[in-house]
Novice: 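The structure's right below; bear with me while I get my questions together.
The first residue in the sequence is number 1, and the count goes up from there. Start at 1 and go down the list; that is how both ligands and their atoms are numbered. Since the structure is predicted, the reported quantities are computational estimates derived from the model, not experimental observations.
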Amino acid sequence: MGELKLKVLRTEALTAHIRTLELAAEDGGKLPGFSAGAHIRVTLPDGTERHYSLVNIFPDADATADPTVYRLGIRLEEDGKGGSRYMHGLGAGDVVDASLPRNDFALIDTDAPALLIAGGIGVTPLISMASELKAKGRPFGFHYAGRSRGLLAFVEELAAIDANALTLHCDDEPETCIDLKSLIGKAPADGHVYVCGPRGMIEAVREIAHARGLAKDHVHFELFDAPQTETGDKAFEVEISSTGQVFTVPPGKSIIEVLEAEGVDLIYDCQRGDCGICQTTVLEGVPDHRDVILTDDERAANDVMQICVSRAKSARLVLDL
Ligand code: FES
């Protein structure tokens with residue numbers, strides 16, 4: 001159960017797949033403030049939670065420090081587990097349970113230039129970040145990539161924040177396609193890169209930034225892909241080393257989902273493979289890494305894994321739990 005009861009004030013379709021929702025406190029009071037890049041977790045009817053970035057925009061200081069409304073942007077995931085369908089089905093007057101705002105993707109307090117890179121619905125946390133950078137007079141560039149112009153939400157808001165900082169990249173307009181190598185290649189050595197989007201984009205940015213010599217702590221990322229079932233996913237077994245219990249993880253379920261349902265006490269957060277909280281030591285077996293945290297060397301070592309998204313290449317994993 002979340003700490004907040006939020007009532008839907010208004011919803012609007014922004015594109016064929018993205019809706020925005022405005023939520024207020026059910027009792028009409030103020031909402032807890034938050035910093036750029038923050039998110040809330042909404043509890044779904046089945047008790048699971050989904051993480052949604054807050055899209056409030058900064059020039060109005062009250063929008064974040066003392067908000068009366070939280071604004072979300074949600075893409076309908078046809079292949080998802082139903083969270084986005086539930087959120088898209090909400091209408092004015094509906095009430096949801098949500099967590100307090102939390103920020104795992106905060107801006108670094110520096111005047112060094114920021115390069116913001118968004119892929120698809122990964123734009124949502126970066127909007128409040130652009131807004132704060134603009135309000136503080138800090139230099140930034142905003143690169144927003146998607147399949148086509150008509151599928152990009154929040155473009156007007158971003159242009160209103162700083163049209164000169166904004167570059168749109170659309171797959172169906174080849175002359176605009178995003179060139180991450182060139183973008184990151186031009187980033188100053190003291191700059192910070194913030195990227196939010198699908199796993200492939202985050203992996204590419206991290207790899208290019210590393211090759212370019214940017215310090216690891218100057219590359220910040222948040223994954224905006226619900227973990228997907230991949231073709232060929234198979235069931236595998238997980239053995240808990242402390243008890244010897246063995247559980248089967250079928251395709252479409254995560255290790256966390258299976259173990260929690262069996263009463264195993266676990267610590268986790270994002271459930272997307274980008275926070276590292278669920279990292280677990282692997283005592284035997286070969287993980288199939290699907291996170292965006294581990295480096296190539298760490299993956300090759302196969303001695304730890306993120307049990308929220310990663311699976312197994314071997315028939316059984318023995319985990320230090
Ligand atoms: S819970 Fe965040 S990486 Fe697993």
Side-chain angles (χ1 to χ4, degrees), residues 2 37-44 46-54 77 80-81 83-84 98-106 119 121-122 124-125 194-207 216-217 219-230 233 236 238 240-241 247 249-283 285-313 317-321:
H39 66 270
I40 56 170
R41 290 172 176 283
V42 175
T43 307
L44 305 185
D46 67 0
T48 61
E49 294 182 325
R50 294 292 185 276
H51 152 157
Y52 297 108
S53 297
L54 295 165
E77 306 287 351
K81 293 184 177 176
S84 66
S99 69
L100 294 169
R102 167 181 174 141
N103 200 344
D104 302 321
F105 191 42
I121 194 63
T124 51
Y194 299 86
V195 55
C196 184
R199 186 159 56 135
M201 174 181 253
I202 291 175
E203 284 173 344
V205 166
R206 292 182 73 199
E207 203 171 295
K216 210 172 164 185
D217 60 358
V219 183
H220 314 273
F221 53 88
E222 188 162 76
L223 188 61
F224 227 110
D225 245 1
Q228 305 285 334
T229 302
E230 293 183 10
D233 277 355
F236 58 94
V238 168
I240 308 294
S241 67
F247 303 107
V249 181
K253 290 250 180 223
S254 69
I255 296 177
I256 284 183
E257 286 172 326
V258 170
L259 298 193
E260 257 210 331
E262 297 290 348
V264 180
D265 205 14
L266 300 168
I267 298 172
Y268 58 88
D269 184 27
C270 71
Q271 294 203 71
R272 292 183 317 249
D274 70 10
C275 76
I277 303 282
C278 71
Q279 183 161 298
T280 302
T281 298
V282 180
L283 300 173
V286 182
D288 178 0
H289 298 288
R290 297 191 183 176
D291 62 277
V292 291
I293 308 265
L294 298 178
T295 62
D296 287 348
D297 288 348
E298 287 167 336
R299 284 177 185 213
N302 280 333
D303 52 6
V304 293
M305 69 185 292
Q306 319 304 319
I307 59 171
C308 60
V309 290
S310 296
R311 301 183 64 81
K313 289 181 178 165
L317 296 170
V318 182
L319 300 180
D320 187 15
L321 288 170

Novice: Listing by chain and number, what protein N/O/S atoms are under 2.8 Å from atom 2 (Fe) of ligand 1?
Specialist: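 Hits for atom 2 (Fe) of ligand 1 below 2.8 Å: Cys270 SG, Cys275 SG.
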
Novice: Look only at the side chain of Arg50 and the backbone of Ser84, and say whether a donor-acceptor pair between them is shorter than 3.5 Å.
Specialist: no

Novice: For the side chain of Thr43 and the backbone of Arg41, is there at least one donor-acceptor N/O pair under 3.5 Å apart?
Specialist: no

Novice: Only counting residues at least two apart or in another chain, list the ones meeting side chain to side chain donor-acceptor pair (under 3.5 Å) with Asp303.
Specialist: none

Novice: For Asp320, does the CG atom have more than 12 heavy-atom neighbours from other residues, nucleotides or ligands under 6.0 Å away?
Specialist: yes

Novice: Applying ring pair (Phe, Tyr, Trp, His ring centres under 6.0 Å), can you list everything that pairs with Tyr194, at least two apart in sequence or on another chain?
Specialist: His220

Novice: Quick one: list whatever passes side chain to side chain donor-acceptor pair (under 3.5 Å) with Thr295, sequence neighbours left out.
Specialist: Glu298

